[in-house]
Amino acid sequence: MSLTDAQTLSASKAPSLVEIEDLAHAAFAALPAEFQALARDVRIVVDDFPDDETLSEMQCESEFDLLGLFRGIGLAQAGETVTGQMPNTVWLYRRPLLDYWAEHDETLGHLVAHVLIHEIGHHVGLSDADMAGIEAAADL
């Protein structure tokens, strides 16, 4: 490692919530237009960890078990909007994403994009094979 690389690394810090959100929005912008259109009303929210209710509902053993989650009504179940209905949202969890990233050999941007595509895929009702095809077609 060069001195410049070491200095850059020593000055680095973990990406913030906003920086992870920026990665997610950049990944979304790189997705095929047809996929974007299906998910145009889906919000992207980044939080450090899932809340306790979510951890319990998803039967997680640790707050690090969940990288992302789609909450809302998928397109296949869509109907009339009900008063008080929360908007369709993809949650990305910063600390579990960073933990996973540290243990694997892929870029953080690729990981965020992978989780985002998978969670939006739940909204759209896609199979894992369909989601893999979209990820491969995306300019990530």
Side-chain angles (χ1 to χ4, degrees):
M1 178 181 295
S2 72
L3 180 57
T4 303
D5 290 340
Q7 289 169 330
T8 300
L9 187 59
S10 71
S12 297
K13 57 183 182 160
S16 68
L17 294 170
V18 170
E19 290 167 321
I20 299 291
E21 187 174 330
D22 289 346
L23 285 173
H25 286 287
F28 186 82
L31 296 174
E34 304 83 31
F35 189 68
Q36 286 184 33
L38 292 171
R40 70 182 173 276
D41 295 328
V42 175
R43 292 178 38 216
I44 300 170
V45 176
V46 180
D47 209 347
D48 273 320
F49 288 105
D51 60 28
D52 290 338
E53 182 180 334
T54 299
L55 291 170
S56 177
E57 179 183 333
M58 300 304 294
Q59 301 177 349
C60 296
E61 294 180 19
S62 160
E63 59 191 357
F64 287 93
D65 287 351
L66 198 58
L67 303 180
L69 181 67
F70 170 76
R71 287 248 185 228
I73 298 178
L75 289 182
Q77 297 82 32
E80 254 183 62
T81 302
V82 178
T83 302
Q85 178 179 317
M86 298 302 289
N88 289 336
T89 304
V90 169
W91 292 88
L92 298 173
Y93 301 113
R94 175 182 165 271
R95 295 281 307 277
L97 284 165
L98 294 177
D99 189 61
Y100 184 94
W101 174 53
E103 298 295 323
H104 294 82
D105 189 28
E106 62 186 290
T107 67
L108 182 58
H110 181 267
L111 175 60
V112 168
H114 175 80
V115 174
L116 180 68
I117 290 167
H118 185 85
E119 297 308 328
I120 291 174
H122 287 304
H123 166 65
V124 178
L126 298 177
S127 69
D128 286 339
D130 291 334
M131 288 184 256
I134 288 168
E135 191 170 346
D139 186 23
L140 303 173

Transitive ILVMFWY side-chain link Leu97 to Leu69, under 4.5 Å: no

With rounding to the nearest 0.5 Å, note down the distance linking CD1 in Ile44 to CD1 in Ile20. 12.5 Å

Let me confirm one number: the CE-CD1 distance from Met131 to Ile117, rounded to the nearest 0.5 Å. 10.0 Å

Are Leu55 and Val46 linked, directly or through intermediate hydrophobic residues, by side-chain heavy-atom contacts shorter than 4.5 Å (ILVMFWY only)? no

Could you tell me whether a side-chain N or O of Ser62 sits under 3.5 Å from a main-chain N or O of Phe64, the two making a donor and an acceptor? yes

Do Glu135 and His110 have a side chain donor and acceptor closer than 3.5 Å? yes

All heavy atoms of Pro87 vs all of Arg43, minimum pair found to be CG-NH1, 3.2 Å

Treating Asn88 as the side-chain partner and Ile73 as the backbone partner, does any N or O pair qualify as donor plus acceptor under 3.5 Å? yes

One should read off an interatomic distance between Glu119 CD and Leu92 CG, to the nearest 0.5 angstrom, of 7.5 Å

Where Leu66 and Cys60 come nearest, the two heavy atoms and their spacing: CB-SG, 4.2 Å

State whether the side chain of Arg94 and the backbone N or O of Glu19 hold a donor-acceptor pair below 3.5 Å, judged by distance alone. no

In Å and rounded to the nearest 0.5 Å, what is the OG1 to NE2 distance from Thr89 to His123? 10.5 Å

I want to check something: taking the side chain as every heavy atom from C-beta on, are Asp65 and Met58 in contact at a cut-off of under 4.5 Å? no

I'd like to know if Val124 and Val42 are part of one continuous hydrophobic network [Ile/Leu/Val/Met/Phe/Trp/Tyr, side-chain heavy atoms within less than 4.5 Å]. yes

Could you walk me through whether Ile120 and Leu126 pass side chain to side chain contact (heavy atoms under 4.5 Å, CB included), step by step? CA-CA 9 Å; Ile120 291 174; Leu126 298 177; over 6 Å; no

Do Leu67 and Tyr93 touch side chain to side chain, with heavy atoms closer than 4.5 Å? no

Quiz question: by atom type and distance under 3.5 Å, do the side chains of His114 and His118 form a donor-acceptor pair? no

May I ask whether Leu116 and Leu108 are part of the same hydrophobic cluster, defined by side-chain heavy atoms of I, L, V, M, F, W, Y residues being less than 4.5 angstrom apart, directly or through others? yes

Phe49 with Trp91, same ILVMFWY side-chain cluster at under 4.5 Å: no

Going by atom type alone, with no hydrogens or angles, which donor-acceptor pairs under 3.5 Å involve a side-chain atom of residues 21-38 and a protein atom two or more places apart or on another chain?
residue, atom, partner, partner atom, Å
Gln36, NE2, Phe28, O, 3.1
Gln36, NE2, Ala29, O, 3.0
Gln36, NE2, Leu31, O, 2.8

Rounded to the nearest 0.5 Å, what's the gap from CG on Asp99 to NE2 on His104? Could you check? 9.5 Å

